[in-house]
Protein chains: 2
Amino acid sequence: MTKKQAATQSVQDYLKRIYELTEDGAPASTNDLARELNIKPASVTGMIQKLAAEKPALVEYQKHQGVTLTKAGRKAALEVIRHHRLLEAWLVRTLGYSWDEVHEEAERLEHVISEDFEMRIAAAMGHPDRDPHGELIPTAELVMPTEESIPLSALRPTQTGIVQCVKAADTELLRFLEGLGLIPGAEIEIKEYSPFDHNLTVKIGRKTTVLGLNITSKIFIEES
Amino acid sequence: MTKKQAATQSVQDYLKRIYELTEDGAPASTNDLARELNIKPASVTGMIQKLAAEKPALVEYQKHQGVTLTKAGRKAALEVIRHHRLLEAWLVRTLGYSWDEVHEEAERLEHVISEDFEMRIAAAMGHPDRDPHGELIPTAELVMPTEESIPLSALRPTQTGIVQCVKAADTELLRFLEGLGLIPGAEIEIKEYSPFDHNLTVKIGRKTTVLGLNITSKIFIEES
DNA sequence: AAATCAATTTAGGATAACCTAAATTTTAAG
DNA sequence: CTTAAAATTTAGGTTATCCTAAATTGATTT
Ligand SMILES: [Mn+2]
Ligand SMILES: [Mn+2]
Ligand SMILES: [Mn+2]
Ligand SMILES: [Mn+2]
């Protein structure tokens with residue numbers, strides 16, 4: 001019954017990135033992983049081969065075909081993601097971090113907190129289901145809830161909705177969006193759509209702004 | 001101006017233990033360190049040699065003579081100790097950890113929190129000067145305040161005082177002491193002293209207990 | 001199908017931190 | 001002072017993660 005020793009910090013980061021890169025269903029490529037992890041592709045290949053060789057395997061891997069997570073790998077990834085998102089929520093709520101500051105801190109803490117700590121902060125916050133960016137928090141049983149909201153880029157004039165989630169990690173972008181009031185909970189209405197450049201004119205609260213696809217594809221909305 | 005890259009977790013643990021073992025003024029021996037760190041003596045020798053060779057050196061080391069911290073090493077150790085003790089206080093205050101549970105969690109978190117995090121929790125708690133066990137917290141400038149209290153073992157009948165600090169990490173012992181009410185803030189009075197076994201009969205609140213040297217040497221009192 | 005470029009893997013190394021077993025040195029006891 | 005025991009160091013290895021450079025494979029384009 002020896003509870004499979006916890007993955008190292010490196011392995012946890014690999015699994016987390018693989019999870020994110022494979023959310024679209026397609027395997028993650030060596031190069032993509034290398035870019036996300038800031039590690040050279042050659043090293044990524046090596047690590048992936050190791051993860052695929054573990055028993056039970058954490059990833060599924062075919063040479064030159066990229067990687068996907070196995071069931072075991074996905075559980076491990078969700079554990080880290082739950083830690084990360086709960087930590088972000090907790091740091092914002094109890095220590096006044098802003099949503100563009102929390103990521104880095106959570107990125108390191110996620111690997112060292114105990115399950116006890118995880119439970120305590122979850123309970124202290126009343127078991128939140130989203131982090132400060134609106135990203136869904138996996139349950140304690142390590143199930144990722146299904147995201148119902150749709151990308152802002154999919155909306156068209158006269159549609160209205162509420163911002164649920166902002167999928168961005170970049171500090172600059174987050175500050176910019178906050179300045180626009182484009183944060184979870186914000187009410188928006190589509191005013192115009194420009195089919196050539198995919199720009200949307202969006203009313204956020206009282207302000208109206210034109211947003212490009214690079215932004216509208218990262219904002220997720222619950223239509224109303 | 002490249003701010004000397006932060007020490008690894010291992011190095012931080014070595015420095016912290018060396019600090020603790022040399023508080024009495026004498027150098028720390030390889031064996032003592034090995035025992036405290038749960039690392040084989042041979043490995044400790046290797047690490048110590050490396051720390052002594054760094055520029056600037058973190059420890060002073062003479063073969064077979066044990067180690068002491070250099071100024072740089074002491075600063076690094078105090079940084080970790082400050083993290084540890086602030087974290088313990090924070091965990092107890094905000095997440096309801098008991099004083100026998102916090103140590104382990106803080107032992108891992110201490111290595112990964114940012115200076116920003118350190119400042120935030122310190123400020124949130126009103127810059128406490130002691131952790132939940134009553135141990136002094138180094139200042140933000142990394143100066144260790146001087147401990148004014150004296151060991152309970154040095155008191156004699158009719159003397160009274162207030163518990164300031166309990167220098168123990170063992171869960172069992174901490175629970176036992178809490179059961180006795182022997183926690184920081186407790187008022188005590190010495191009733192009897194037995195010169196042969198150094199037992200002290202101590203009145204704690206309303207209860208009276210006989211305590212051996214193994215305990216009385218770990219409890220620190222401010223006489224009153 | 002051949003050439004070419006990009007993606008990926010293999011080979012060969014490096015570093016950090018450990019470990020075990022075999023010296024060596026120090027200390028403590030006759 | 002000589003020795004045995006204890007403490008410490010040295011030697012030789014291992015594992016985990018990365019890296020660079022070279023080789024290979026896959027995809028794209030004529
Ligand atoms: Mn994040
Ligand atoms: Mn991380
Ligand atoms: Mn502690
Ligand atoms: Mn530690």
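Listed by residue number, the members of residues 22-33 of chain B with any heavy atom below 4.0 angstrom from DNA chain C form an empty set. Residues from residues 64-71 of chain A that place a heavy atom under 4.0 Å from any atom of DNA chain C, listed by number: A:His64.
Residue A:Arg82 is tested with A:Glu110, A:Glu88, A:Glu118 for a salt bridge (Lys or Arg N to Asp or Glu O under 4.0 Å); the sole match is A:Glu118.
Applying the 6.0 Å contact sphere to CD of A:Gln62 captures no more than 12 heavy atoms from other residues, nucleotides or ligands. No more than 12 heavy atoms of other residues, nucleotides or ligands lie within 6.0 Å of CD in B:Glu192, so this atom counts as exposed by the packing criterion. Annotation: A:Glu60, atom CD; neighbour count of heavy atoms from other residues, nucleotides and ligands within 6.0 Å does not exceed 12. The environment of NZ in B:Lys167 is crowded: more than 12 heavy-atom neighbours from other residues, nucleotides or ligands sit within 6.0 Å.
The two residues A:Phe117 and B:Leu95 come nearest to each other via the heavy atoms CE1-CD1, 3.9 Å.
Protein atom CG of B:Leu37 is 16 Å distant from nucleotide atom C1' of D:dT8, rounded to whole Å.
For the residue pair B:Ser98/B:Asp100, the side-chain donor-acceptor check at 3.5 Å is satisfied. The closest side-chain donor-acceptor pair between B:Gln12 and B:His84, if any, does not fall under 3.5 angstrom. Under the 3.5 Å distance criterion, with hydrogens and angles disregarded, a donor-acceptor pair is assigned to the side chains of A:Asp197 and A:Ser194.
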Quiz item: Given B:Ser149 and B:Glu222, is the side-chain hydrogen bond (donor to acceptor under 3.5 Å, both in side chains) satisfied, shown in steps?
Solution: CA-CA 5 Å; B:Ser149 59; B:Glu222 181 175 274; over 6 Å; no

Practice problem: Sugar-phosphate atoms are those with a prime plus P, OP1 and OP2; base atoms are the rest. Using that split, label each nucleotide of nucleotides 10-18 of chain C B, S or - for protein heavy atoms under 4.0 Å, 5' to 3'. | Solution: B------SS

